[in-house]
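Everything below concerns the one structure shown next.
In the text below, chain A, chain B and the rest are named by the order of the sequence lines, each starting its count at 1.
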Amino acid sequence: MRIHNLHIYNTLTRKTEKFVPLHANLVGMYVCGPTVYNNAHLGNARTFISFDVVFRYLQHLGYKVRYVRNITDAGHLESDADEGEDKISKKAKLEQLEPMEIVQRYTVDFHGVMRAFNALPPSIEPTATGHIIEQIEMTKQILDNGFAYESNGSVYFDVEKFAKDYNYTVLTGRNLEDLLNGTRELGGQDEKRGRLDFALWIKAKPEHIMRWKSPWGEGFPGWHLECSAMSRKYLGEQFDIHGGGMDLAPTHHTNEIAQNVSCSQNNTPVRYWMHTNMLTVNGQKMSKSLGNSFLPHELFSGSHALLDKGYSPMTVRFFMLQAHYRSTLDFSNDALQAAEKGFIRLMSAMKILPTLKTADKSTVSIADLEAKIYAALDDDFNTPIALSYVFEGVRIINSVNDAKESLSTDDKIKLQELMQQIVHDVLGLQQEETANTDKIDGLMQMILDVRTEAKSRKDFSTSDLIRDRLKEIGFEIKDGKEGSTYSILK
RNA sequence: GGUAUUGUGGCCGAGAGGCUAGGCUCAGCUCUGCAAAAGCUGCUACAGCGGUUCGAAUCCGCUCAAUACCUCCA
């Protein structure tokens with residue numbers, strides 16, 4: 001276990017607090033996953049990349065982490081007022097497919113996107129439809145505890161009753177009265193008693209495809225319930241970290257807490273709530289409904305109208321890590337361009353690091369650099385600051401390579417370990433080169449030898465011709481003190 | 001309308017009462033046959049107006065602007 005001093009910003013307290021897990025060395029973390037009725041867009045990806053770094057860093061520190069991220073494959077209605085159609089069912093009807101075909105298609109898509117961004121798979125990825133029994137049991141328990149009521153085959157959570165015994169708005173700190181006033185009036189024939197009440201179980205209309213038997217008739221679970229039931233099942237009545245996008249805090253997470261508390265009577269089901277901020281486009285939130293969302297493949301290929309060219313998954317991951325997870329991040333061509341250059345510089349430094357020559361003494365302090373990087377990550381996963389010090393490392397590597405600074409053998413090993421662990425293991429950034437096979441390498445070496453020979457004869461027209469022609473094909477030549485090297489341009 | 005949050009140099013984006021964030025761009029220099037790369041140096045910063053303080057981009061107040069939530073979204 002690494003000695004550390006991790007602090008996490010907790011939405012519950014609106015403060016950055018020292019992280020102390022419930023059980024030493026073990027961490028339970030739940031993150032709200034996607035509703036698989038559509039392609040995942042980049043905003044979704046940002047959240048999961050942010051939590052991927054959290055997961056990776058916790059593991060790096062030596063914790064045994066159980067990371068649960070659900071797949072919502074039922075119960076998510078079009079409106080939080082518990083009206084409208086189930087999103088999956090709607091899409092299924094639209095495309096004339098089985099709901100499970102929709103679920104399968106977009107789950108596969110989601111996993112592909114996560115893999116492209118080098119996000120580690122969670123420890124458990126449970127689905128809502130796989131936990132109907134748990135959700136029914138939980139609904140029963142909440143009913144028994146008196147915080148829900150049945151109405152015409154549906155079961156609703158009684159928010160105002162809950163608010164008498166507990167703090168319903170702990171997470172957002174909002175005033176309950178304001179919420180009540182801000183919500184629309186209930187219609188005359190409404191099944192709900194209170195304006196803020198939400199469904200635990202919803203009676204299926206005759207045309208509804210996805211339905212299960214329950215003590216209250218055939219129906220399906222409410223959206224908020226699955227996360228409560230599954231986090232409870234796999235992480236217990238109280239666990240360490242719960243995460244999700246900021247837009248989930250006021251409704252989804254608030255209701256989740258109410259369900260957990262009313263079910264188990266445990267006042268604090270989650271100790272640290274983490275919320276990631278939104279990805280914006282021209283200052284506006286990227287969202288499916290606004291129609292300004294980017295699909296990952298549009299970004300990789302550059303086919304989106306707002307882009308000049310494509311950007312690789314690792315460039316995008318690097319770009320996202322240059323902003324803190326609790327800040328909005330604006331998506332633009334210029335910003336991506338800058339990120340791409342920076343990322344390439346980082347990766348080429350990583351590549352020359354093992355080849356550096358060592359000296360008797362170091363002129364730089366690797367221990368200092370290490371301390372600064374860990375201090376940044378310990379401060380609420382501050383990846384932009386950590387990256388700024390990683391670039392200090394890049395400067396050191398390049399300077400040593402230019403013989404302007406020197407490294408002892410020990411320090412070189414230390415720097416290699418540090419860069420490897422931070423850049424690859426924690427930040428999840430990796431070299432992404434087009435197939436660099438041995439044959440290409442041998443061929444290029446031969447060409448470079450011919451060119452070097454020409455240069456030694458001061459036949460610069462030949463050496464320049466070789467360089468220019470190779471560049472046209474997509475190979476860039478760099479002449480260094482120790483000879484020429486090549487890299488494949490994208 | 002209510003409730004929040006934010007406003008940093010050409011762009012992105014950290015920080016946060018006194019000490020160069022960083023990346024990209026641009027200009028100059030060093031190195032190099034040239035180029036590229038790399039290193040060094042420099043550039044118009046902290047929305048506006050007041051206040052607290054020896055000192056504020058950082059705290060307080062007001063104004064302006066933007067965004068988010070209150071309705072589906074990570």
Side-chain (Asn255(A)) to main-chain (His224(A)) donor-acceptor, under 3.5 angstrom: no
Could you please name the partner base of C70(B), counting Watson-Crick and G-U wobble pairs only when both distances are under 3.5 Å? G1(B)
Using a strict 4.0 Å threshold on nitrogen-to-oxygen distance, state whether Glu160(A) and Arg195(A) make a salt bridge. no
Indicate, with a heavy-atom threshold strictly under 4.0 Å, whether Gly244(A) touches base, sugar-phosphate, or nothing. sugar-phosphate
Leu225(A) versus Leu200(A), closest heavy-atom pair with distance: CD2-O, 3.4 Å
Measure CG/Asn255(A) against C1'/C70(B) and give the value in whole Å, please. 13 Å
Measure up the Phe294(A) and His304(A) rings against each other and bin them: parallel (under 30°), tilted (30 to 60°), perpendicular (over 60°). parallel
Anything under 3.5 Å between a protein N or O and an N or O of nucleotides 38-41 of chain B, put it in a table, one pair a line.
unit_1, atom_1, unit_2, atom_2, d
A38(B), O3', Asn398(A), ND2, 3.0
A38(B), O2', Asp402(A), OD2, 2.8
G39(B), OP1, Arg345(A), NH1, 3.2
G39(B), OP1, Asn398(A), ND2, 3.4
G39(B), OP2, Arg345(A), NH1, 3.4
C40(B), OP1, Arg395(A), NE, 3.0

Using both distances under 3.5 Å as the test, list the Watson-Crick or G-U wobble partner of C31(B), or none. none
Comparing nearest nucleotides in RNA chain B, the 5'-proximal residue of the pair Ala45(A), Ser388(A) is Ser388(A)
Taking the C1' atom in each of C64(B) and A47(B), what is the distance between them to the nearest angstrom? 8 Å
Rounded to whole Å, how long is the line connecting atom CE of Met278(A) with atom P of U6(B)? 15 Å
Judged by modelled atom types alone, do Lys18(A) and Asn5(A) share a side-chain donor-acceptor pair under 3.5 Å? yes
Could you tell me whether Glu476(A) contacts a base, only the sugar-phosphate backbone, or nothing, with contacts defined as non-hydrogen atoms closer than 4.0 Å? sugar-phosphate
Mate of C11(B) across any strand shown (Watson-Crick or G-U wobble, both atom pairs under 3.5 Å) is G23(B)
Protein-nucleotides 7-14 of chain B N/O pairs under 3.5 Å:
unit_1, atom_1, unit_2, atom_2, d
G13(B), OP1, Asp330(A), N, 2.8
G13(B), O2', Gln322(A), O, 3.2
A14(B), OP1, His324(A), N, 2.8
A14(B), OP1, Ser327(A), OG, 3.0

What's the verdict on side-chain contact (heavy atoms from CB on, under 4.5 Å) for Arg457(A) and Thr462(A), showing C-alpha distance, side-chain angles and the deciding distance? CA-CA 10 Å; Arg457(A) 281 187 280 107; Thr462(A) 300; over 6 Å; no
Determine the contact category for Leu336(A): base if any of its heavy atoms lies under 4.0 Å from a base atom, sugar-phosphate if only primed atoms, P, OP1 or OP2 are that close, otherwise nothing. nothing
Rounded to whole angstroms, how far apart are CG on Leu42(A) and P on C73(B)? 19 Å
Taking the same atom, P, in G13(B) and in U6(B), what whole-Å distance lies between them? 15 Å
Give Met246(A) one of three labels, base, sugar-phosphate or nothing, depending on what nucleic acid heavy atoms sit under 4.0 Å from its own. nothing
Sticking with atom C1', work out how far A14(B) lies from G7(B), rounded to a whole angstrom. 15 Å
Taking the six-membered ring of Tyr9(A), is the NZ or CZ of Arg326(A) close enough (under 6.0 Å from the centre) and on axis enough (within 45°)? yes
Does Tyr272(A) have its ring centroid less than 6.0 Å away from the ring centroid of His7(A)? no
If you assign each of His41(A) and Lys471(A) to its closest nucleotide in RNA chain B, which residue comes earlier from the 5' end? Lys471(A)
Is the shortest distance from a Lys or Arg side-chain nitrogen in Arg105(A) or Glu95(A) to a carboxylate oxygen in the other one below 4.0 Å? yes
Taking a pair to mean Watson-Crick or G-U wobble geometry with both distances below 3.5 Å, G61(B) pairs with C49(B)
Hey, do the aromatic rings of Phe319(A) and Tyr311(A) have their centres closer than 6.0 Å? no
Using atom names, set out every protein N or O paired with an N or O of nucleotides 32-35 of chain B below 3.5 Å, distance rounded to 0.1 Å.
unit_1, atom_1, unit_2, atom_2, d
G33(B), N1, Asp464(A), OD1, 3.0
G33(B), N2, Asp464(A), OD2, 2.7
C34(B), O2, Arg467(A), NH2, 2.6
C34(B), N3, Arg467(A), NH1, 2.8
C34(B), N3, Arg467(A), NH2, 3.3
C34(B), N4, Asp479(A), OD2, 2.9
A35(B), N6, Asp479(A), O, 3.3
A35(B), N1, Asp479(A), N, 3.3
A35(B), N3, Arg467(A), NH1, 2.9

Taking the six-membered ring where the residue is Trp, are the ring centres of Phe48(A) and Phe110(A) under 6.0 Å apart? yes
Sugar-phosphate, base or nothing in reach of Lys285(A), heavy atoms under 4.0 Å: base
Tell me the partner of A36(B), counting only Watson-Crick (N1-N3 plus N6-O4 or O6-N4) or G-U wobble (N1-O2 and O6-N3) with both under 3.5 Å; none if nothing fits. none
From NE2 of His275(A) over to P of A68(B), roughly how many Å is that when rounded to an integer? 18 Å
Using atom NE2 of His252(A) as one end and atom P of U71(B) as the other, report the distance to the nearest whole Å. 17 Å
Base paired to G18(B) (Watson-Crick or G-U; both N/O distances under 3.5 angstrom): C54(B)
Distance check needed: G2(B) C1' versus Leu176(A) CG, whole Å only. 15 Å
Given atom CG of Leu295(A) and atom C1' of C73(B), what is their separation to the nearest angstrom? 14 Å
Whole-Å gap separating C1' (C24(B)) and CE (Met347(A)): 17 Å
So which heavy atom on Phe318(A) is nearest to which on Leu346(A), and how close? CE1-CD2, 4.1 Å
Any side-chain donor paired with an acceptor under 3.5 Å for Ser408(A) and Ser362(A)? yes
